[in-house]
Amino acid sequence: MTPRVRFAPSPTGYLSIGNVRTALFNWIFARHEGGKFLLRIEDTDKERSKKEYEESIIDGLTWLGIDWDEEPERQSDRLAIYEKYLKRLLDEGRAYFCFCTPDELEAERQAQLSQGLQPKYGGRCRSIPKEEAARRAEKESHVIRFKMPSHTVSFTDLVRGKVTFDLDLMGDIIIAKGLDAPLYNFAVVIDDEEMAITHVIRGEDHLSNTPKQIAMQEVLGFKTPVYAHLPLILGPDKKKLSKRYLDASLKDFKERGYLPEAMLNFMVLLGWHPTVDKEIVSMDEAVKDFNFKKVQKSGAVFNQEKLEWLNAYYLKNLPADVLAKQIAPFIPPEWVKDEKKFKEVVDLEKERLRHLPDLKELAGFFFALPDYQPSLLIWKGAPKSVIADNLSFVANVVRGIPNHERWSRDAIEKYIMSVAAEKGRGEVLWPLRVALSGKDASPGPVEILYILGKEESLRRIETALGKLDLLQ
RNA sequence: GGCCCUAUCGUCUAGUGGCUAGGACAGCGCCCUCUCACGGCGUAAACAGGGGUUCGACUCCCCUUGGGGCUACCA
């Protein structure tokens, strides 16, 4: 049978990194097995679910290239299905209406807690006759509880091995707030069966939900899928990653200029590693190589520095024209007017980028010379007169680059470097570079000269000479 | 508190009874170099503790300790 897996986020917030990683592992597993990857929107929480979040989930997955194989299901569209099973459970006496108030429940809970007991529902409404309960349910507010069996449940988790729970500790859990209002643990069981899910791959935070779900599967006569609980992604405090420590939603990373390739590579390495020891892993390789044996059991701290490094890596290895398109949304639109120039700037600066928008800070001088202190032109205490002479000399050389020589990087380098060799590299190159860029840190003067062009370069050197005159 | 999961450098990890415990990020140093960045080289840094099993344990078992998750009319 071909495996069918699902990613089942609830649209109650933007897609978090933890969730995306779960989606990614499901997707990789499906692709590895030649199975199906499905998407199911778990929007049973009517108060918190929002269409906007649902869209952002779709957008996020699409951005990463995680594609699904069938039309996404939405739990709110499947209410009739849940109702059918709810009625069946009620009829068979495997579930019952409960009329206890939240206050009563809370009191019971506190009492149990103070005695050091596992808090669980005592079963007060279990014994209400079915007919009476049905009658009361028509006007009294109620919930529907599942009659939890009291045996032990074991299952073999693909990453953790055999795990055993005692159902007796769970109590009769609430599976619906009403016939038309199913709750998570119940809806999941129904959907996984109806959608013929074979493997449930999800975060470890769901481990203790698994026995409850298996108990319902057994009562309903469903088959139990194979489970794989992934280690959690942790914050720097080693607790489940939360908004507290970083903007942990995929949307935030996208907006801060991370590349999908970097995000994917980073996430696939959180809790999994390829057979051969390496850090740069493409999704093709991950799909080919995926194996649950290589999935880590313990939580992985989100390593921001490594993400930065990966992002920088992918940034500098992207072809300039592709990169230029990606950067365009983050920078002033006028920079892109001269497409050729922009591409050259991107190509030159890309090894300095850690995020897409970094170009804005790094490359502004190509489009407008920033103001700078005249003293910046001075190389390591060299006399002002020497600096000025060198700059004038370079200006003449630049002006005189013969017309038959193409304005090429190589030609410029030939002329400039011969001047530098003669008069001292630092004494020539530093002031030249500052004159051209107005900055203490930038790419080399030859590269800037080439991109700026003869005319603009000369103008900037004149400006520098003017500044030097002002200097004491 | 109860239940469950878990434990190798700061972090991500390799390791499946015998290794000088390897790699990567971050750190530090050096080289390249007008600066920044890239790149290259090097360095520091870990098997939580205690019992077993075994000729031999990072590897297997148990306990302790630490960390985490769950314990909702959220998912």
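Within every chain, numbering begins at 1; the chains are lettered A, B, ... in the order of the sequence lines, protein sequences first and strands thereafter.
- Computed from coordinates, the A:Asn185 CG to B:C73 P distance equals 11 Å when rounded to whole Å.
- Look at the P atom in both B:U71 and B:C47: the space between them is 36 Å, to the nearest Å.
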Scoring nucleotides 38-49 of chain B by protein non-hydrogen atoms under 4.0 Å (B base, S sugar-phosphate only, - none) yields SS----------
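- For the residue pair A:Glu285 / A:Ser282, a side-chain donor-acceptor distance below 3.5 Å is found, with atom types taken as modelled.
- The distance between atom CG of A:Leu307 and atom P of B:A24, rounded to the nearest whole Å, is 19 Å.
- Between A:Phe266 and A:Phe302, a ring centre-to-centre spacing shorter than 6.0 Å is recorded.
- Comparing the same atom, P, in B:G50 and in B:G69 gives a spacing of 28 Å after rounding to whole Å.
- Rounded to a whole Å, the CG atom of A:Leu105 is 12 Å from the P atom of B:C74.
- Candidate nucleotides B:U13, B:A72, B:C25 were compared by shortest atom distance to the side chain of A:Arg109, and B:A72 ranks first.
- For A:Glu54, the salt bridge (Lys or Arg N to Asp or Glu O under 4.0 Å) criterion is met by A:Lys51, A:Arg74, not counting sequence neighbours.
- Distance, A:Ile387 CD1 to B:U35 P: 14 Å, rounded to whole Å.
- Each of B:A75, B:A14, B:C70 was ranked by its minimum atom distance to the side chain of A:Lys294; first place goes to B:A14.
- Distance from the side chain of A:Ser298 is smallest to B:A7 among B:C12, B:C36, B:A7.
- Residues A:Tyr85 and A:Glu193 bring no donor and acceptor atom of their side chains to less than 3.5 Å of each other.
- Between A:Glu104 and A:Arg124 there is no salt bridge, since none of the side-chain N atoms of the basic residue sits less than 4.0 Å from a carboxylate O of the acidic one.
- Under the 30°/60° scheme for interplanar angles, the aromatic rings of A:His142 and A:Phe97 are found to stand perpendicular.
- A donor-acceptor pair under 3.5 Å is formed between the side chain of A:Asp358 and the backbone N or O of A:Arg354.
- Residue A:His229 is classed as having no contact, given no heavy-atom separation below 4.0 Å to the nucleic acid.
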Residues 175-192 of chain A side chain polar contacts: donor-acceptor under 3.5 Å, at least two apart:
from     : atom 1 : to       : atom 2 : distance (Å)
A:Tyr184 : OH     : A:Arg202 : NH2    : 3.3
A:Tyr184 : OH     : A:His206 : ND1    : 3.1
A:Asp191 : OD1    : A:Arg78  : NE     : 2.7
A:Asp191 : OD1    : A:Arg78  : NH2    : 2.9
A:Asp191 : OD1    : A:Tyr82  : OH     : 2.9
A:Asp191 : OD2    : A:Gln75  : NE2    : 2.7
A:Asp191 : OD2    : A:Tyr82  : OH     : 2.7
A:Asp192 : OD1    : A:Arg6   : NE     : 2.9
A:Asp192 : OD1    : A:Arg40  : NH1    : 2.9
A:Asp192 : OD1    : A:Arg40  : NH2    : 3.2
A:Asp192 : OD2    : A:Arg6   : NH2    : 3.0

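- Listed by chain and number, the residues in a ring-ring contact (aromatic ring centres under 6.0 Å, His included) with A:Tyr96 amount to none (sequence neighbours excluded).
- Counting non-hydrogen atoms under 4.0 angstrom, A:Glu42 reaches the backbone sugars and phosphates but no base.
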Polar pairs (N or O, both sides) under 3.5 Å between protein and nucleotides 58-68 of chain B?
from  : atom 1 : to       : atom 2 : distance (Å)
B:G68 : OP1    : A:Lys239 : NZ     : 2.4

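- Phosphate proximity of B:A26 to A:Gln304: absent, as no side-chain N or O sits under 4.0 Å from OP1 or OP2.
- Across all strands shown, A:Val301 has heavy atoms under 4.0 Å from sugar-phosphate atoms exclusively, and none from any base.
- Listed by first and then second residue, the salt bridge (charged side-chain N to carboxylate O under 4.0 Å, His left out) pairs that reach into residues 147-167 of chain A are A:Arg160-A:Glu204, sequence neighbours excluded.
- Residue A:Phe266 contributes atom CZ, which lies 13 Å from atom C1' of B:U13 at whole-angstrom precision.
- Counting only heavy atoms from C-beta on, A:Ala300 has its side chain closest to B:U13 among B:A26, B:U13, B:A75.
- Residue A:Lys306 places its side chain closer to B:C25 than to any other of B:C25, B:C34, B:A75.
- Contact check, A:Ser442 against B:A37: no side-chain N or O comes under 4.0 Å of OP1 or OP2.
- Annotation: ring-ring contact (aromatic ring centres under 6.0 Å, His included) contacts of A:Tyr258 (sequence neighbours excluded): A:Phe253, A:His355.
- Proximity note for A:Val143 (side chain, C-beta onward) versus B:C74, B:G69, B:C73: the nearest is B:C73.
- Near RNA chain B, defined here as any heavy-atom distance below 4.0 Å, the residues from residues 267-277 of chain A are A:Leu269, A:Leu270, A:Gly271, A:His273, A:Asp277, listed numerically.
- When the nearest nucleotides of RNA chain B are assigned to A:Leu113 and A:Ser10 by heavy-atom distance, the more 5′-ward of the two goes with A:Leu113.
- Applying the side-chain hydrogen bond (donor to acceptor under 3.5 Å, both in side chains) test to pairs two or more places apart or on separate chains, those with a residue in residues 425-441 of chain A are A:Arg433-A:Ser442.
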Which side-chain N or O atoms in residues 360-371 of chain A pair as donor and acceptor under 3.5 Å with protein atoms at least two apart or in another chain?
from     : atom 1 : to       : atom 2 : distance (Å)
A:Asp371 : OD1    : A:Lys467 : NZ     : 2.8

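- Residue A:Ser114 is out of contact with every strand shown, counting any heavy-atom pair closer than 4.0 Å.
- Residues satisfying the ring-ring contact (aromatic ring centres under 6.0 Å, His included) criterion with A:Tyr121, sequence neighbours excluded, are absent altogether.
- Residues from residues 147-182 of chain A that place a heavy atom under 4.0 Å from any atom of RNA chain B, listed by number: A:Arg160, A:Val163, A:Thr164, A:Phe165, A:Leu169, A:Ile174, A:Lys177.
- What separates CZ of A:Arg433 from C1' of B:C34 is a distance of 6 Å, to the nearest Å.
- Along RNA chain B, the nucleotide closest to A:Trp379 and the one closest to A:Pro231 are compared, and the more 5′ of them pairs with A:Pro231.
- With ring centers used as reference points, A:Phe25 lies 6.0 Å or more from A:Phe37.
- For the residue pair A:Tyr313 / A:Glu261, no side-chain donor-acceptor distance below 3.5 Å is found, with atom types taken as modelled.
- With B:C12, B:G1, B:A75 as the choices, the nucleotide that has an atom nearest any side-chain atom of A:Asn303 turns out to be B:C12.
- The shortest distance between the side-chain N/O atoms of A:Lys297 and the OP1/OP2 oxygens of B:G69 is not below 4.0 Å.
- Per the geometry, OH belonging to A:Tyr372 stands 18 Å off P belonging to B:U35, to the nearest Å.
- Nucleic acid contact class of A:Asp440 (heavy atoms, under 4.0 Å, all strands): base.
- With rounding to whole Å, A:Ile448 atom CD1 is found 11 Å from B:C34 atom C1'.
- Nucleic acid contact for A:Gln296: sugar-phosphate only, since backbone atoms but no base atoms lie under 4.0 Å from a heavy atom of the residue.
- Among the protein residues, A:Pro445 comes within range of the nucleic acid bases, having at least one heavy atom under 4.0 Å from a base atom.
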